[in-house]
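Working notes, structure below.
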Amino acid sequence: LRSNLMYGERNLPARGLASEERQGAAFAGAWKASDQFSLLADYYYQASDDVPDGGIAWDSTTGAPIAGRDYFGQIGRDFWKTSSNIGTLVAKWDISNTLRWQTSLRDGKTTNRYVISISGMAANPSPGAGVPVGVNTPGVFVRANSQNRNQTNDAQTLQSILNWDIAPGGMQHSLVFGFEAADEEI
């Protein structure tokens with residue numbers, strides 16, 4: 001048996017409210033029923049819960065960041081959360097000295113959800129082409145553009161392999177026969 005646990009948390013230097021939090025666990029075990037048959041199982045979990053930083057609001061006329069903005073995002077709205085839950089079961093059977101069979105089953109689910117504000121500028125009226133635009137340009141304002149995603153991925157797989165070692169005419173060969181089926185939904 002084996003187990004691993006993980007937790008991490010950090011604030012991002014000089015980036016205001018931006019932060020990251022990670023947690024995870026992994027467990028694995030093996031059972032040898034006989035010299036010919038064994039089972040292996042493992043499970044993996046990971047999750048993150050972040051307050052993302054959409055970047056630095058930049059003034060292209062001065063070539064510098066906009067003063068007083070050490071965090072770009074909307075407090076209480078911007079987030080980034082991910083998760084993974086994946087389990088695997090493997091059966092191994094040494095049928096004879098020359099014939100081996102292995103079957104694996106895996107089930108997993110991952111998620112990726114976020115709303116992130118990134119900076120952008122808009123002008124009213126729009127300046128002409130090639131005119132440098134900055135926050136001090138008349139009619140220009142900084143705005144938050146929202147990027148978002150809400151994705152879940154479910155996957156199940158079955159993989160079976162038969163290895164057969166033969167030596168016709170004294171030449172060693174390994175024949176491999178396999179089957180795989182998978183179902184994935186995003």
Side-chain angles (χ1 to χ4, degrees), residues 1-29 40-90 104-157 159 182-186:
L1 293 175
R2 183 185 77 221
S3 67
N4 300 300
L5 299 174
M6 181 269 299
Y7 179 80
E9 182 177 356
R10 74 178 185 143
N11 294 321
L12 303 178
R15 298 309 301 149
L17 299 171
S19 63
E20 295 177 349
E21 181 182 356
R22 305 279 189 271
Q23 51 188 298
F27 304 99
L40 299 98
D42 65 67
Y43 171 74
Y44 167 81
Y45 163 78
Q46 179 276 328
S48 67
D49 187 0
D50 301 345
V51 176
D53 182 3
I56 298 173
W58 195 262
D59 187 333
S60 63
T61 59
T62 65
I66 297 172
R69 298 297 298 263
D70 67 346
Y71 170 74
F72 196 91
Q74 294 193 12
I75 299 166
R77 186 198 72 168
D78 287 11
F79 69 93
W80 194 348
K81 296 177 188 245
T82 64
S83 69
S84 298
N85 288 283
I86 301 169
T88 306
L89 179 63
V90 178
S104 303
L105 298 168
R106 176 167 288 156
D107 183 54
K109 179 178 184 174
T110 62
T111 62
N112 185 18
R113 296 182 173 100
Y114 60 81
V115 173
I116 300 173
S117 298
I118 58 172
S119 63
M121 286 194 278
N124 187 11
S126 180
V131 175
V133 176
V135 292
N136 296 321
T137 305
V140 171
F141 56 94
V142 175
R143 66 177 180 184
N145 294 314
S146 174
Q147 308 291 315
N148 63 76
R149 171 164 276 183
N150 185 359
Q151 178 177 321
T152 299
N153 183 20
D154 283 307
Q156 295 78 37
T157 61
Q159 183 183 61
D183 180 34
E184 184 170 14
E185 188 174 313
I186 297 176

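This chain uses plain numbering: 1 for the first residue, then up along the sequence.
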Practice task
Determine whether more than 12 heavy atoms belonging to other residues, nucleotides or ligands lie under 6.0 Å from atom CD of E185.
Solution key: no

Completion exercise
Rounded to the nearest 0.5 angstrom, the CG-NZ distance for D154 and K109 is 5.5 Å

Completion exercise
OG1 (T82) and CG (N112) are apart, to the nearest 0.5 Å, by 6.5 Å

Fill in the blank from the handout: The side-chain contact (heavy atoms from CB on, under 4.5 Å) partner of W80 among I116, V115, D49, V51 is I116

Practice task
Would you indicate whether the side-chain heavy atoms of N148 and F79 approach each other to under 4.5 Å?
Solution key: no

Completion exercise
Quick note, salt bridge (Lys or Arg N to Asp or Glu O under 4.0 Å) partners involving residues 3-13, not counting sequence neighbours, are R10-E20

Exercise for the section: Answer whether the closest heavy-atom distance between the side chains of I86 and R106 falls below 4.5 Å. Expected result: yes

Handout entry: Separation of N85 CG from Y43 OH (nearest 0.5 Å)
Key = 3.5 Å

Completion exercise
Taken to the nearest 0.5 Å, the spacing of T157 OG1 from E184 CD works out to 10.0 Å

Problem - Point-to-point distance, once rounded to the nearest 0.5 Å, from CG of D42 to OG1 of T88 - result: 4.5 Å

Exercise for the section: Show your working on side chain to side chain contact (heavy atoms under 4.5 Å, CB included) between K81 and T111 and close with a plain yes or no. Expected result: CA-CA 8 Å; K81 296 177 188 245; T111 62; over 6 Å; no

Fill in the blank from the handout: Between the OH atom in Y45 and the CE atom in M6, the distance rounded to the nearest 0.5 Å is 9.0 Å

Exercise for the section: For the pair D50 (side chain) and E21 (backbone), establish whether a donor and an acceptor sit closer than 3.5 Å, ignoring hydrogens and angles. Expected result: yes

Practice task
Classify the side-chain pair D78/Y114 by whether it contains a donor and acceptor separated by less than 3.5 Å.
Solution key: no

Practice task
Determine yes or no for a side-chain-to-main-chain donor-acceptor pair under 3.5 angstrom, with S84 supplying the side chain and Q46 the backbone.
Solution key: no

Problem - Enclosure of R22 CZ (heavy-atom neighbours >12, cutoff 6.0 Å) - result: yes

